[in-house]
**Student:** 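Following this message is one structure expressed as structure tokens.
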Amino acid sequence: MQLIKTDHENCRKCYACVRACPVKTIAIKKGLPEIMEEGCLACGHCVLACSIGAKVVHDDTTMVQQWIAQGQPVTAIVAPSFPASFAISGGKMVSALRRLGFSTVQEVAYGAGVCAREYAHYYQQHPSKMTISTACPAVVQLVEKHFPSLLPHLAPIDSPMLIQAKIVKALYPDHKIVFLGPCLAKKYEAEDVNTAGYVDAVVTFRQLNQWFAQEDLDWQELADALWDNPKPELSRTFPISGGLLKSSNIQEDIASMEIVVVEGAGRCIEVLKAMENGEFTPRFLDMLVCEGCVMGPGMLSDKSYVVRARQVAEQVHQNQNKEIEKLSTLVDQLAFERVFTPQPLEKKSFTEEEIWQTLKETGKYNNHDLINCSACGYDTCWEKAVACLQGMAEKEMCLPFLLRQVPSLTNSLMDMSNKLMLSMESINFSTLTLKGTTSKMNSKNQHLETLLAETNVIASDTLGLAHKVLTMVSQYEVPAGGHNGPANLAAAEVADIKQIAAQSKLQSENATRVFKDIAIVLTRLKEDSDMILEQEKAIKVVTNSLEQIVATYDQLLNIGAAMANIGRNYV
């Protein structure tokens, strides 16, 4: 199961998830983030940091709905932080979950009370041992994967979720168990080889709210029902800062710093580093990766910590619960111990020379150039360079490096744009010239066609006249037998008429020959004209293409200008 996926189509490449990840287990591949499961804590910080919702959390809701639809008995165990997500009483929450089809509904706060008792016993038995609490599964992931040398200091005690699940399994062996809460890391805990087999599905409050919306529940008509477990009282404060210590009656000692509450991923890492280096040796650490479970990534609320904590505290002494006979005897028979498995990450080490070589690729040549702006998501330029060498980051993630390239990029684009515009003008001029030549040739063609038609008519008329004259002459010509026609002409007149007719016929034949030549010339001119027209079409295509290129470079220039503005604001 991949707990958190990135929707690459919606991702804006802002590196907010990289910046939020406390252990930098998000790799950037071709500009897009990829969560590396082997180092992930499932803290959900990247989910909260992604304002556009490109981080998608695995959802077991459909699977749970199928179990219910198939008639499988399913128990809901609800985290005590629910009042900070749902502004309803515990009784209405029970009614709503039963309306969804859950067979029984129990509070994880009851398991938290048992957990507090286990911590009290362990602390009494090991008063001088340096101990890290393990109620937070993200803390367990942090130590197992990133601080495996501190594994012996993890308290070998089940989390409240696991304790409650074990109790339910003992009461209802055939039930599926679904944890409802604010924590994503519980999904890892449910599948951990050392803790698997008790919790069958994990649904966050945010996912549960979507389920409620699908069912269109009317909260007003829901009656208050009883939780299917004894009242847990003070252990309902577990999701509030220091809740484990309060429930266990272990007093925080700020003066000596021997018993300390540590919250927040960054602070947890700082403390663990100090412990690993021997700089800090507390007796007991109540450690949470979130700032209290009420601030978990699966919560619905947008309220501040104090408001959420107050909403939880208000229900500590409210709500009615069922009493289960002999439950305390059953709990005493169960074991709530757990073990841990180191899962150290293999991280290559690099020489200073290798790291500086990588830094130089982004224009950083000395310590003065290491501005540590964190725009890439890493706290320092040095860390980012190491991440590049590890294949977790890319040099293009460096914003100042990109901004320094803007002026030269803009100048290059402007130069290319100017050259393209000159080419456009030249091509447009050539096109106009060709259009003019073609127009003239077309005009000549039309004129030649008209002239040819007229000449052919003249030649035809002349030829006809010649034939008429010859015919007429033949009528008046003295026959060989000496018999005259209707009117005798003088021999000289007949000779003149014959000469005129012969000349006319000759002229007609010459005209015909000349205009045959003209027709051939005209055909050639037409062919030339067609060729030029094809050239003109081709030039139009080139012109259109160049216009598109210029438009593209205009867009790039706008981008360059915008980047320049960012650069000015940034510096």
Side-chain angles (χ1 to χ4, degrees), residues 21-23 39-45 79-81 112 115-116 118-120 122-123 126-163 181-186 188-189 192 194-195 235 237-254 256-297 305 309 336 338-343:
C21 181
V23 289
C40 182
L41 308 182
C43 63
H45 285 26
S81 55
C115 181
E118 294 292 314
Y119 271 96
Y122 187 82
Y123 181 71
H126 306 85
S128 59
K129 181 181 178 182
M130 188 166 59
T131 302
I132 303 170
S133 67
T134 54
C136 174
V139 168
V140 174
Q141 293 287 317
L142 180 60
V143 175
E144 287 185 335
K145 294 179 177 181
H146 300 274
F147 297 92
S149 65
L150 297 177
L151 214 63
H153 299 288
L154 290 177
I157 301 171
D158 283 330
S159 71
M161 179 188 79
L162 290 172
I163 292 174
C183 182
L184 304 188
K186 291 295 186 186
Y188 275 177
E189 188 175 58
D192 190 304
N194 297 314
T195 55
S235 56
T237 63
F238 244 66
I240 303 175
S241 178
L244 187 151
L245 293 181
K246 292 183 181 71
S247 302
S248 305
N249 199 28
I250 300 174
Q251 301 300 317
E252 183 178 5
D253 187 353
I254 299 177
S256 66
M257 294 295 288
E258 289 189 344
I259 300 173
V260 184
V261 175
V262 181
E263 295 177 341
R267 185 60 53 83
C268 288
I269 291 172
E270 287 178 5
V271 171
L272 292 175
K273 283 182 178 178
M275 292 174 65
E276 195 173 48
N277 296 333
E279 298 173 341
F280 182 49
T281 56
R283 289 170 57 198
F284 189 89
L285 286 178
D286 180 9
M287 185 173 282
L288 297 172
V289 166
C290 293
E291 295 178 354
C293 298
V294 291
M295 302 303 290
Y305 168 79
F336 302 114
R338 64 167 297 184
V339 296
F340 307 96
T341 303
Q343 305 173 51

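Keep in mind the model is a prediction, meaning the values are calculated, not measured.
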**Student:** Rounded to the nearest 0.5 Å, what separates atom NZ in Lys246 from atom CD in Gln251?
**Tutor:**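 Here the interatomic distance stands at 9.5 Å.
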
**Student:** Hey, does Val143 have a side-chain heavy atom less than 4.5 Å from the side chain of Phe340?
**Tutor:**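 SC-SC contact between Phe340 and Val143 ruled out.
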
**Student:** Please step through side-chain contact (heavy atoms from CB on, under 4.5 Å) for the pair Val289 and His45, ending with a clear verdict.
**Tutor:** CA-CA 10 Å; Val289 166; His45 285 26; 4.1 Å; yes

**Student:** Could you pull out the closest heavy-atom pair between Cys183 and Pro137, with the gap in Å?
**Tutor:**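 Distance-wise, the nearest heavy atoms are SG-CG, 4.0 Å.
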
**Student:** Take a 6.0 Å sphere around CD of Glu291 and say whether it holds more than 12 heavy atoms from other residues, nucleotides or ligands.
**Tutor:**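 It does not: Glu291 CD has 12 such atoms or fewer within range.
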
**Student:** Take a 6.0 Å sphere around NZ of Lys129 and say whether it holds more than 12 heavy atoms from other residues, nucleotides or ligands.
**Tutor:**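 Atom NZ in Lys129 is packed in, count exceeds 12.
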
**Student:** Kindly compute the distance separating CZ (Arg267) from CE (Met287), expressed to the nearest 0.5 Å.
**Tutor:**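 If I round to the nearest 0.5 Å, the distance is 10.5 Å.
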
**Student:** For residues Met275 and Pro282, report the shortest heavy-atom separation together with the two atoms involved.
**Tutor:**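 Heavy atoms of Met275 and Pro282 come nearest at CG-CD, 4.2 Å.
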
**Student:** Would you say Pro182 and Val294 make side-chain contact, with heavy atoms under 4.5 Å?
**Tutor:**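 SC-SC contact between Pro182 and Val294 ruled out.
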
**Student:** Look up atom CG in Leu244 and atom SG in Cys115, then write down how far apart they are to the nearest 0.5 Å.
**Tutor:**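 The distance works out to 5.5 Å.
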
**Student:** Quick check: do Pro148 and Gln343 have side-chain heavy atoms less than 4.5 Å from each other?
**Tutor:**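 Pro148 does not reach Gln343 side chain to side chain.
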
**Student:** Of the non-hydrogen atoms in His146 and Leu41, which two are nearest, and what is the gap between them?
**Tutor:**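 Shortest heavy-atom separation between His146 and Leu41 comes out as CD2-CD2, 3.8 Å.
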
**Student:** Tell me, do Tyr119 and Thr134 make a side-chain contact under 4.5 Å, heavy atoms counted?
**Tutor:**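 Yes. Closest side-chain heavy atoms under 4.5 Å.
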
**Student:** Would you say that Arg283 contacts Pro127 through its side chain, given a criterion of any heavy-atom pair below 4.5 Å between the two side chains?
**Tutor:**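 Arg283 reaches Pro127 side chain to side chain.
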
**Student:** Considering non-hydrogen atoms only, spot the tightest contact between Val261 and Gly242 and give its length.
**Tutor:**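 Residues Val261 and Gly242, closest heavy atoms: CG2-CA, 4.0 Å.
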
**Student:** If you apply the rule salt bridge (charged side-chain N to carboxylate O under 4.0 Å, His left out), what do you find for Glu189 with Lys186, and how did you get there?
**Tutor:** CA-CA 5 Å; Glu189 188 175 58; Lys186 291 295 186 186; 3.4 Å; yes

**Student:** Please report the shortest heavy-atom distance between Cys43 and Pro22, naming the atom on each side.
**Tutor:**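 That would be SG-CD, 3.9 Å.
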
**Student:** Looking at every non-hydrogen atom in both residues, tell me the closest pair between Met295 and Cys290 and how far apart they are.
**Tutor:**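 What the structure gives for the nearest pair is O-SG, 4.2 Å.
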
**Student:** May I ask you to check whether Thr195 and Tyr188 show a side-chain donor-acceptor distance below 3.5 Å?
**Tutor:**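 No, because no side-chain N or O of Thr195 sits under 3.5 Å from a partner of the opposite role on Tyr188.
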
**Student:** Just how far is it from atom CG of Leu245 to atom OH of Tyr123, taken to the nearest 0.5 Å?
**Tutor:**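 Going from CG on Leu245 over to OH on Tyr123, the span is 9.5 Å.
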
**Student:** Would you say Arg338 and Asp192 make side-chain contact, with heavy atoms under 4.5 Å?
**Tutor:**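 They are in contact (side-chain heavy atoms under 4.5 Å apart), so the answer is yes.
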
**Student:** Is the side chain of Glu144 donor-acceptor paired with the backbone N or O of Thr341 at a distance under 3.5 Å, no angle test?
**Tutor:**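 Checking the backbone N and O of Thr341 against the side chain of Glu144, a donor-acceptor pair under 3.5 Å is found.
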
**Student:** Answer whether the closest heavy-atom distance between the side chains of Ser247 and Phe238 falls below 4.5 Å.
**Tutor:**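 Ser247 vs Phe238: side chains touch.
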
**Student:** What distance do Ile240 atom CD1 and Ser81 atom OG have between them, rounded to the nearest 0.5 Å?
**Tutor:**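 One gets 10.0 Å once the value is rounded to the nearest 0.5 Å.
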
**Student:** Is the side chain of Thr131 donor-acceptor paired with the backbone N or O of Ala155 at a distance under 3.5 Å, no angle test?
**Tutor:**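 No.
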
**Student:** To the closest 0.5 Å, what do you measure between CG (Leu272) and CD1 (Ile132)?
**Tutor:**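 Here the rounded value is 5.0 Å.
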
**Student:** Quick one, His153 with Leu285, criterion side-chain contact (heavy atoms from CB on, under 4.5 Å). Give me CA distance, side-chain angles, the key distance, then yes/no.
**Tutor:** CA-CA 10 Å; His153 299 288; Leu285 286 178; over 6 Å; no

**Student:** Evaluate the side-chain proximity of Asp158 to Glu118: yes if any heavy-atom separation is below 4.5 Å, no if none is.
**Tutor:**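 Not in contact.
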
